[in-house]
Amino acid sequence: MGRLFIETLSGPRIFKCRYCKVDSASRDDVVSKDFQGRYGRAYLFRNVVNISLGPIEERQLISGLHTVNDVYCSCCQQILGWKYDKAYEPSQKYKEGMYILERERMLKEGW
């Protein structure tokens with residue numbers, strides 16, 4: 001087992017894993033705050049750090065069928081949300097390659 005590489009984000013507003021306090025995303029990468037996750041409200045991000053991906057699976061979400069990977073904190077392995085791999089509805093294609101992080105599983109620093 002090798003060393004765990006943890007990326008530290010710069011900037012005044014950072015989202016962190018609620019469980020181990022490792023940086024997860026920057027406020028600058030928020031695309032939308034109008035999403036629903038497993039545990040309540042969630043945010044759509046362009047980019048996240050310090051995560052690992054679960055296996056690809058098809059999931060029926062509120063907005064239709066999507067191919068997604070669950071997103072886990074690379075430090076503590078808690079589930080944080082999911083990554084959109086593929087959207088089948090043309091109106092949902094903009095989500096491909098983006099990440100959902102659930103508010104319930106994040107802390108805000110510098111707000």
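Hydrogens, waters and symmetry mates play no part in the numbers below; they use all other heavy atoms, side chains included.
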**Q** Any chance you could pull the hydrophobic cluster mates of Trp82, using side-chain heavy atoms under 4.5 angstrom and chaining through other members?
**A**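 Traced through the cluster, Trp82 reaches Val31, Phe35, Leu44, Leu61, Val68, Tyr84, Tyr94, Met98, Ile100.
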**Q** Glu109: which residues meet the salt bridge (charged side-chain N to carboxylate O under 4.0 Å, His left out) condition with it, sequence neighbours left out?
**A** Lys16
**Q** Under the side chain to side chain donor-acceptor pair (under 3.5 Å) test, which residues partner Arg59, sequence neighbours left out?
**A** Glu57, Asp70
**Q** Please name all residues satisfying side-chain contact (heavy atoms from CB on, under 4.5 Å) with Gln78, sequence neighbours left out, ordered by chain then number.
**A** Tyr19, Cys76, Arg105
**Q** Who else is in Val49's hydrophobic cluster (ILVMFWY, side-chain heavy atoms under 4.5 Å, direct or via others)?
**A** Leu9, Ile14
**Q** Just wondering, do Ser24 and Val48 contact through their side chains at under 4.5 Å, heavy atoms?
**A** no
**Q** Going by side chain to side chain donor-acceptor pair (under 3.5 Å), name the pairs with one or both residues in residues 26-36, residues two or more places apart or in two chains.
**A**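 Every candidate side chain to side chain donor-acceptor pair (under 3.5 Å) pair involving residues 26-36 fails, so no pair, neighbours aside, qualifies.
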**Q** Can you name the salt bridge (charged side-chain N to carboxylate O under 4.0 Å, His left out) partners of Glu96, sequence neighbours left out?
**A** Lys93
**Q** Measure the shortest side-chain to side-chain distance between Lys95 and His66 over non-hydrogen atoms and say whether it is less than 4.5 angstrom.
**A**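 Yes. Closest side-chain heavy atoms under 4.5 Å.
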**Q** Would you compute the distance between atom CD1 of Ile6 and atom SG of Cys75 and round it to the nearest 0.5 angstrom?
**A**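 If we round to the nearest 0.5 Å, Ile6:CD1 and Cys75:SG are 4.5 Å apart.
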**Q** For Asp85, enumerate each residue passing the side-chain contact (heavy atoms from CB on, under 4.5 Å) test, keeping only those at least two apart in sequence or located in another chain.
**A**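 Per chain and number, Asp85 pairs via side-chain contact (heavy atoms from CB on, under 4.5 Å) with Ile56, Thr67, Asn69.
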**Q** Taking all non-hydrogen atoms of both residues, which atom of Glu7 and which atom of Asp23 are closest, and how far apart?
**A** O-CB, 3.9 Å
**Q** Holding to side chain to side chain donor-acceptor pair (under 3.5 Å), I want the full list of residues that pass it with Lys83, two or more places apart in sequence or in another chain.
**A**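 Expected list: none.
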**Q** What residues form a side-chain contact (heavy atoms from CB on, under 4.5 Å) with Lys21, not counting sequence neighbours?
**A**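 Partners of Lys21 by the side-chain contact (heavy atoms from CB on, under 4.5 Å) criterion, ordered by chain and then number, come out as Leu107.
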**Q** Yes or no on side chain to side chain contact (heavy atoms under 4.5 Å, CB included) for Cys17 and Asn50, after CA distance, side-chain angles and deciding distance?
**A** CA-CA 9 Å; Cys17 171; Asn50 301 322; over 6 Å; no
**Q** Leu65: what forms a side-chain contact (heavy atoms from CB on, under 4.5 Å) with it, not counting sequence neighbours?
**A**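 Leu65: side-chain contact (heavy atoms from CB on, under 4.5 Å) contacts with Glu58, Gln60, Tyr88.
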**Q** Transitive ILVMFWY cluster of Ile62 at side-chain heavy atoms under 4.5 Å: who else is in it?
**A**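 Ile62 shares its hydrophobic cluster with no other residue.
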**Q** With the side chain counted from C-beta on, respond yes when Ile51 and Ser74 share a heavy-atom pair under 4.5 Å apart, and no when they do not.
**A**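 Answer no - side chains too far apart.
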**Q** Backbone N or O of Tyr39 within a donor-acceptor pair of the Glu102 side chain at under 3.5 Å?
**A** yes
**Q** Are the side chains of Tyr43 and Phe15 in contact, using a 4.5 Å heavy-atom criterion?
**A** yes
